[in-house]
Amino acid sequence: PKHPKKPERGERRLVLTRVVYIDRSDFRLEDEKKYFGLAPGKEAQLKYGPNITVTNVVTDASGAVLELEAVADFEKKNKPKGCLHWVGAPAAGGEPAVVECRLHEGIFTTPDTPPTEAMMACLNPRSEVVCRGFIEPGWRDAPVFAKCQFERVGYFSVDPDTKPGALVVNRTLGLKCDFKA
């Protein structure tokens with residue numbers, strides 16, 4: 001479903017292919033007791049999909065992780081604690097839909113910034129962070145101002161800077177808010 005509690009919003013089809021993309025934070029080379037993501041030899045579930053276990057880690061010369069190889073358990077013999085969000089690669093072996101994400105935070109680092117020359121010292125260098133990610137193919141041609149939730153990240157709106165083949169979204173609300181009024 002597009003929304004688990006609102007079936008009137010319709011359904012979406014998730015295509016599970018041999019290649020899936022997960023968030024970098026969902027894998028660690030060294031496992032920890034309270035970490036529920038993937039690690040070498042560890043099992044986690046793909047949301048709405050099978051359980052997977054990492055069997056091999058492909059790295060570059062500097063040790064940066066490039067690719068994980070895994071086996072899938074469609075019978076879900078175990079019930080792992082980790083549940084991962086993922087995007088499947090197109091069946092033809094192409095790249096998934098790319099999205100530019102603009103993550104906004106408060107422009108100042110303090111809530112009571114003085115309106116003087118000193119306010120320049122209080123500017124938040126992370127007030128806008130731009131990153132790239134992959135998104136489900138159904139969002140590739142989303143109209144301007146369409147809304148969606150990126151699970152575990154926040155709520156987003158399609159930006160007017162979007163062009164055909166170049167989706168841009170702005171985070172309108174994060175899942176955590178540290179700002180105190």
Inset, instruction - Please indicate whether Tyr35 has more than 12 foreign heavy atoms, meaning atoms of other residues, nucleotides or ligands, lying under 6.0 Å from its OH. - result: yes
Legend entry - Pairwise distance NZ(Lys79) to CD(Glu43) - rounded to 0.5 angstrom: 11.5 Å
Legend entry - Sequence-distant partners of Arg28, side-chain hydrogen bond (donor to acceptor under 3.5 Å, both in side chains), two or more places apart: Glu32
Inset, instruction - Please report the shortest heavy-atom distance between Cys122 and Thr110, naming the atom on each side. - result: SG-OG1, 4.1 Å
Legend entry - Heavy-atom pair of closest approach, residues Arg171 and Gly174: CD-CA, 3.9 Å
Inset, instruction - Without swapping roles, check the side chain of Thr59 against the backbone of Val65 for a donor-acceptor pair under 3.5 Å. - result: no
Legend entry - Of all pairs that satisfy ring pair (Phe, Tyr, Trp, His ring centres under 6.0 Å), the ones with a partner from residues 94-114, not counting sequence neighbours: none
Inset, instruction - Give a yes or no answer on whether the side chain of Thr17 reaches the backbone of Ala89 with a donor-acceptor pair at less than 3.5 Å. - result: yes
Inset, instruction - To the nearest 0.5 Å, tell me how far Thr162 OG1 sits from Asn170 CG. - result: 8.5 Å
Legend entry - Joint cluster assignment, Tyr48 & Val15, ILVMFWY side-chain distance < 4.5 Å: no
Inset, instruction - With sequence neighbours left out, write down each residue that passes side-chain hydrogen bond (donor to acceptor under 3.5 Å, both in side chains) with Glu67, or none if nothing qualifies. - result: none
Legend entry - Residues in side chain to side chain contact (heavy atoms under 4.5 Å, CB included) contact with Pro40, at least two apart in sequence or another chain: Phe27, Val57
Legend entry - Within 6.0 angstrom of Glu30 CD, more than 12 heavy atoms from elsewhere: no
Legend entry - Residues forming a salt bridge (charged side-chain N to carboxylate O under 4.0 Å, His left out) with Lys47, sequence neighbours excluded: Glu151
Legend entry - Contact check, side chains of Cys131 and Leu103, non-hydrogen atoms, under 4.5 Å: yes
Inset, instruction - Determine whether Val54 and Asn56 make a side-chain contact, defined as any pair of heavy atoms from C-beta on separated by less than 4.5 Å. - result: no
Legend entry - Partners passing side-chain hydrogen bond (donor to acceptor under 3.5 Å, both in side chains) against Asp73 (at least two apart in sequence or in another chain): none
Legend entry - Separation between CD1 of Ile135 and CG of Leu167, rounded to the nearest 0.5 Å: 5.5 Å
Legend entry - Atom pair CG (Leu38) and CG (Asp31), whose distance is rounded to the nearest 0.5 Å: 9.5 Å
Inset, instruction - Could you tell me which non-hydrogen atom of Ala70 sits nearest to which non-hydrogen atom of Ile52, and how far apart they are? - result: CB-CB, 4.2 Å
Inset, instruction - With sequence neighbours excluded, tell me which residues meet salt bridge (charged side-chain N to carboxylate O under 4.0 Å, His left out) with Asp26. - result: Arg152
Legend entry - Check: Thr55 side chain, Glu69 main-chain N or O, donor-acceptor pair, under 3.5 Å: yes
Legend entry - hydrophobic_cluster_shared for Val168 and Tyr155, side chain cutoff 4.5 Å: no
Legend entry - salt bridge (Lys or Arg N to Asp or Glu O under 4.0 Å) partners of residues 154-170, not counting sequence neighbours, each pair once: Arg102-Asp159, Arg102-Asp161
Inset, instruction - Could you tell me which residues satisfy salt bridge (charged side-chain N to carboxylate O under 4.0 Å, His left out) with Glu136, sequence neighbours excluded, listed by chain and number? - result: Arg12
Legend entry - Residues, nucleotides or ligands: over 12 heavy atoms within 6.0 Å of Leu29 CG: yes
Inset, instruction - For residues 51-72, pull every pair meeting ring pair (Phe, Tyr, Trp, His ring centres under 6.0 Å), keeping only residues two or more places apart or in separate chains. - result: none
Inset, instruction - Using the rule that two of Ile, Leu, Val, Met, Phe, Trp, Tyr join whenever any of their side-chain heavy atoms come within less than 4.5 Å, decide whether Met119 and Ile107 are in one cluster. - result: yes
Inset, instruction - Check whether Leu66 and Val87 end up in the same hydrophobic cluster, where Ile, Leu, Val, Met, Phe, Trp and Tyr are linked by side-chain heavy atoms less than 4.5 Å apart. - result: no
Legend entry - Side-chain heavy atoms of Val129 within contact of Cys101, under 4.5 Å: no
Inset, instruction - State, to 0.1 Å, how close Leu123 and Pro125 come at their nearest heavy-atom pair, and which atoms those are. - result: O-CD, 3.3 Å
Inset, instruction - Taking all non-hydrogen atoms of both residues into account, name the closest pair between Ser127 and Gly106 and its distance. - result: CB-O, 3.6 Å
Legend entry - Of all pairs that satisfy ring pair (Phe, Tyr, Trp, His ring centres under 6.0 Å), the ones with a partner from residues 120-152, not counting sequence neighbours: Tyr21-Phe134, Phe150-Phe156
Legend entry - Separation of Lys147 NZ from Ser157 OG (nearest 0.5 Å): 3.5 Å
Inset, instruction - Report yes or no: does Asn124 contribute a side-chain atom to a donor-acceptor pair with the main-chain N or O of Arg126 at less than 3.5 Å? - result: yes
Inset, instruction - Heavy atoms only: give me the nearest Gly37-Leu84 pair and the separation to one decimal. - result: CA-CD2, 4.2 Å
Legend entry - Atom pair CG/CH2 of Leu46 and Trp86 - distance to nearest 0.5 Å: 6.5 Å
Inset, instruction - Can you sort out the partners of Lys76 under side chain to side chain contact (heavy atoms under 4.5 Å, CB included), two or more places apart, ordered by chain and number? - result: Gln45, Asn51
Legend entry - Whether Thr53 side chain and Gly41 backbone form a donor-acceptor pair below 3.5 Å: no
